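Heads up, the thing below is written out as structure tokens.
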Amino acid sequence: MVVTSRQAESHFSNGRILDEDKITKALDMATSLGADYAEIRLVSETTNTASLKDGKLERAIPGQEVGVTMRILADGAWGVHSTSDVESIVQQVDSTFRLAKAVAARRSPSQTIVELAEVPIIEDEIHWKSQKDIRETDLDKRIEMMLAIDNEAKDDDKIVSTATGWSDEHIHTELMTSEGMNRIWSFQRSLINGMVTARDGDDVVSYRMRHGGEGGLELIEACDLGEMGRNAKISALRLLTAERAPSGRMPLVADRDLTGVYIHEALGHPCEADLVAAGDSCLEGRLGETIGSEICTVIDDPTIRGGYGCYPIDDEGVDPRPKNLIVNGVLTEYLNHRETAHRFDLQPNGGARAQDGLHHPLVRMSNTIIQGGNHRDLDELIEDIDFGIYACGSRGGQVDTGRGSFQFAAQEAWIIENGSLSRPVKDVSVSGMTLQILKDVDGLTKDSRLAAPGFCGKGQTVPVGDGGPIMRIREALVG
Amino acid sequence: MIPDDAVERLMESALLIGAECEKANIQQWEIYANQGYGHSMEIEAGRISMASGGGEGGFGIRVVENGRYGYAHLVDTSSSKRAIEQALSIANRSPSIEGFELPGNQSASNVGGMKDKAILDMTPEDLLEQGDQVLTRVSELDSRAVAVGGGIGVGAGAGAIVTSNGIEYGGVYTSHGIGIHVSIDEDDQLTSSYEGESSRKLLSDVTSSVDKAVHWSQITREKIPGGETEDCPVLMTSDGFSPLFSVVVPSAVKGERLARGESFWSGKMNQMVIADHLSLTDDGLMEGGMSSGSRDDEGVPCRTQKIVESGRLTGELWSTRDAAKSVAEGKVDSAESTGSASRGGHTSPPLCGCNDLILSSSAKSHDRDRLIEEMDNGYIVHSVMGAHTANPTSGDFSVTTSTILRVEGGTVIGAISQAGLSGNMAKALNGRVVLGDSSKRKGSYSTGSMHVPDVLLMDGLRINPA
């Protein structure tokens, strides 16, 4: 039953790519074969990437890619077919149905069958309008923006090279299901980045920066790119003089970037319900338990417009909403998709994302953010630390969700001595156990917001936003 | 799995796009085409959770006009005219590189082992049966063990390059791979291990990865207290060392990065850079090599390129454009392609990267037990978390491991739960190093395929137990 039918902003509509009649017939065929559920999702991406090396255009690549994936659920098991040949997808119903049946035939009586939570069946189009459609940005403009970083980043004899990059995409998705879901949505993402390499004798270091999010050219224009370049240069030169970081357990203060990566790795991934269902999460069975300090409240919110991880509709056609993962230290919600929502008897919360039209949806984060606390600023957070580390900027992280252990690395750091920042250090990484370190968060500044955009890998790569305030951890394993 | 005439169809489409380029009077053009097909199955929570199949592909167009190049990609030939116009427009906006031309046609040797008919004949049902074998093996080895994740896949791909300079080359390749994540969760203690392997030939035994995963999940259960932070010898198994090595070393040996001062080995050509018994070779002609072939991804014949010989830096890797650009900019006196252009598919222009990169030693190698004896006191690390956070510019890394064993007096005395591992790859390889006797390929990365044995690093590493 169609419960909603609506039409939203249509500025970016490209028109339908899938042949509605053929797809409807294919879905009907799957049902007539005995499928419990079938869906066909198409993603068309118009992309542009570009890069400069030392201020000269290195490459610029426009592209138009399309992929389509069919999922069929039969006897409680999935069969999937993906292809870049859109026309051929309707010919794959029978073989994909048989794949699902073959998987189902291998299931032992004790194993859970796949069922999907009910969701509103919607027919609509949602097209998020960027203020400045990124597809109308020409190469000269992209080069001008990258040069704004480059010109400020290289003004020092010790800077041996600069590299800047650009990436934008217009994403158009169509989803039709055997339940009658028929949704089309589109939105854009834009990103600019750079790297500065500095050298002094045999010592060579690099520093990276990145800015972007959901939206068009206006996102990049709103950034002070010159300041971004200057800051990167300063950081790279400072790293040249930095000494190796100390190792051991000590208080850690993390800037917004690193706080975001920390909360993404340490908490976000273990909250993904597909990992919980697989027996691969340290948070299995802990809903309602206090797992962090009471100052910790963490949300994952795909509806934060401008965040790199936001989307208008999830890849199962479910309207996304903010998820309260932790409220005052208590684990309150998993990220889920329809399969895991049914498995754990939860309300679907729109957490299904696929890398593109050639991949099936997994449970993924979007914009994950720890909310602000009571500390005024960095000075107040570090004033009572005798010896510790203030770490800034992210070089990425990783988590073992089953064990609950994680690691993340900083771009630069300072020693904190007697309540103030002293000398710079490099190669700081932090590791710990999710269930311990969340309890050791004992200070957060008031201002919380998304930090630099990032990418998350889980077999598939998706853009994400992370962030928070400046955070203090009572004791962390550094180095 | 793949149509018999897949290469011919790709070649035909590439030639059609090439004809469009000719019509547009483009000086030099190159059409790259690929099409992949495959089946896979996923394992989750001790069961097969999904089976899938499909295919994807497309075309990349590179045009060169007076040393300026442009690139565009597309999925079907109907939009080729527009893509050519885009590529041309970008070329006109790009800086001219004096002396840059697309490669000419040179004869190339045939490299065997790129495809296996047994893989082409694999059906989804065959793959599901392999999944059954894997799950059965896990429970046979240890009733506590669960395959929490993983999967098996087979793939076949067809690729073709056609250029205005006379290159018309195509081929078919196959692959078969398994990854398996096993955990043992008992008595409030969870240990786990992820293992995997892949090959251009049908894997003879998909359960060997299971055996390793269960083994490491078992032997890391005997926990001892973590000690103090110490600088000490570390024996990194091939599986533990390969991810770190792949992030740091392939990047450092690219000619352009060396020329731009972006490598920790910049300015050290013909100098000793690692231990004098170690050598580093990039083999593009390895039979069955996952990153080898007759030609690289811009049609230049692949070769075996020596990079470090007996500790001395003697070679580097170049693509055609990087070489011309570095010469034109005066960063090097001369350079030419080493057959090292690679792409991440049709959406990417050819970029410089390694093929099958081999770390070897002229000194006597030892099996793992002998390496442990040699180490005397230290740690064995079998996997690391955060290898991608290593710094390829400086060689510095600071990662975490939960698969770590303590060695005292040449004997393993137990596992510690978690530790940080930090150091500098260039410095560690320039210290006292002993290699193990098995250099089975460990992993294919975006940077190529790594062939590294177990590596005992005696100097320059720090272990920081949790």
Side-chain angles (χ1 to χ4, degrees), chain A residues 56-57 59-67 77-85 95 99-100 102-103 106-108 111 139-140 160-161 197 199 202-206 247-248 277-280 358 360 395-400 402-403 405-409 426-429 431-433 477 479, chain B residues 41 44-58 70-75 79 86 89-90 93-95 124-125 128 131-132 146 148-149 181 183 185 190 192 229 260-264 266 347 349 385-386 388-389 391 393-394 396-400 402 418 420 422 462 464 466:
Chain A
K56 291 181 187 166
L57 183 64
R59 60 179 166 271
I61 305 172
Q64 177 76 52
E65 292 294 311
V66 66
W78 288 114
V80 178
H81 185 88
S82 302
T83 179
S84 51
D85 180 0
S95 60
L99 272 184
V103 173
R106 288 173 153 76
R107 185 178 53 236
S108 71
Q111 287 172 337
L139 180 57
D140 285 340
V160 293
S161 72
T197 302
R199 186 174 198 101
D202 276 351
D203 291 328
V204 55
V205 297
S206 59
S247 301
D280 195 21
L358 294 167
H360 62 274
R395 286 212 322 267
Q398 195 174 347
V399 63
D400 179 335
R403 278 198 190 97
S405 59
F406 65 88
Q407 181 265 6
F408 56 90
K426 62 181 177 181
D427 303 317
V428 166
S429 76
S431 56
M433 304 297 290
L477 185 66
Chain B
M41 45 86 39
E44 189 180 281
R47 66 183 171 92
I48 295 171
S49 60
M50 178 182 288
S52 56
E56 60 173 308
Y71 192 82
H73 56 89
L74 61 156
V75 288
S79 54
Q86 286 178 318
S89 158
I90 288 162
R93 185 65 185 78
S94 298
E125 189 66 29
L128 289 168
D132 289 340
V146 176
V148 290
H181 183 193
S183 71
D185 190 358
L190 186 147
S192 64
T229 298
R260 283 162 59 92
E262 294 175 339
S263 165
F264 45 79
S266 289
T347 61
M385 198 158 47
H388 64 292
T389 68
N391 190 331
T393 304
S394 63
D396 293 323
F397 60 87
S398 181
V399 296
T400 299
S402 300
Q418 189 172 327
S422 59
R462 179 176 295 174
N464 182 18

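Chain A is the first sequence line, chain B the second, and so forth, proteins listed ahead of strands; every chain is numbered from 1. Values in this document were obtained by computation on a predicted structure and should not be read as measured data.
In this structure, chain B has a heavy atom under 4.5 Å from the side chain of A:Gln111, while its backbone stays farther away. Within the 4.5 angstrom heavy-atom criterion, only backbone atoms of B:Ser49 (N, CA, C, O) approach chain A. Residue contact with chain B, scored on non-hydrogen atoms closer than 4.5 Å, involves the backbone and the side chain of A:Asp400 alike. Contact annotation for B:Ser263: only backbone heavy atoms (N, CA, C, O) come within less than 4.5 Å of a heavy atom of chain A. Looking at A:Ile61, the atoms closer than 4.5 Å to chain B (heavy atoms on both sides) sit in the backbone and in the side chain alike. Proximity to chain B (any heavy atom under 4.5 Å) is shown, for A:Ser405, by both the backbone and the side chain. The part of B:Asp132 that comes within reach of chain A is its side chain, from C-beta onward, which places non-hydrogen atoms under 4.5 angstrom from that chain. Proximity to chain A (any heavy atom under 4.5 Å) is restricted, for B:Gln418, to the side chain, taken from C-beta onward. For chain A, the nearby parts of B:Ile48 are the backbone and the side chain; heavy atoms of each come within less than 4.5 Å. For chain B, the nearby parts of A:Val66 are the backbone and the side chain; heavy atoms of each come within less than 4.5 Å.
Between the A:Ser429 side chain and the B:Ser398 main chain, a donor and an acceptor come within less than 3.5 Å of each other. Side-chain N or O atoms of A:Arg199 include none that pairs as donor or acceptor with a backbone N or O of A:Val204 at under 3.5 Å. The closest donor-acceptor contact from the side chain of B:Ser52 to the backbone of A:Val80 lies at 3.5 Å or more, if one exists at all.
For the set B:Gly261, B:Gly53, B:Ala72, B:Gly386, the entry with the most heavy-atom pairs within less than 4.5 Å of chain A is B:Gly53. Between chain A and the residues B:Glu125, B:His388, B:Gln86, B:Met41, the most heavy-atom pairs under 4.5 angstrom are made by B:His388.
Judged by distance alone, the side chains of B:Thr229 and B:Arg462 never bring a donor and an acceptor atom under 3.5 Å apart.
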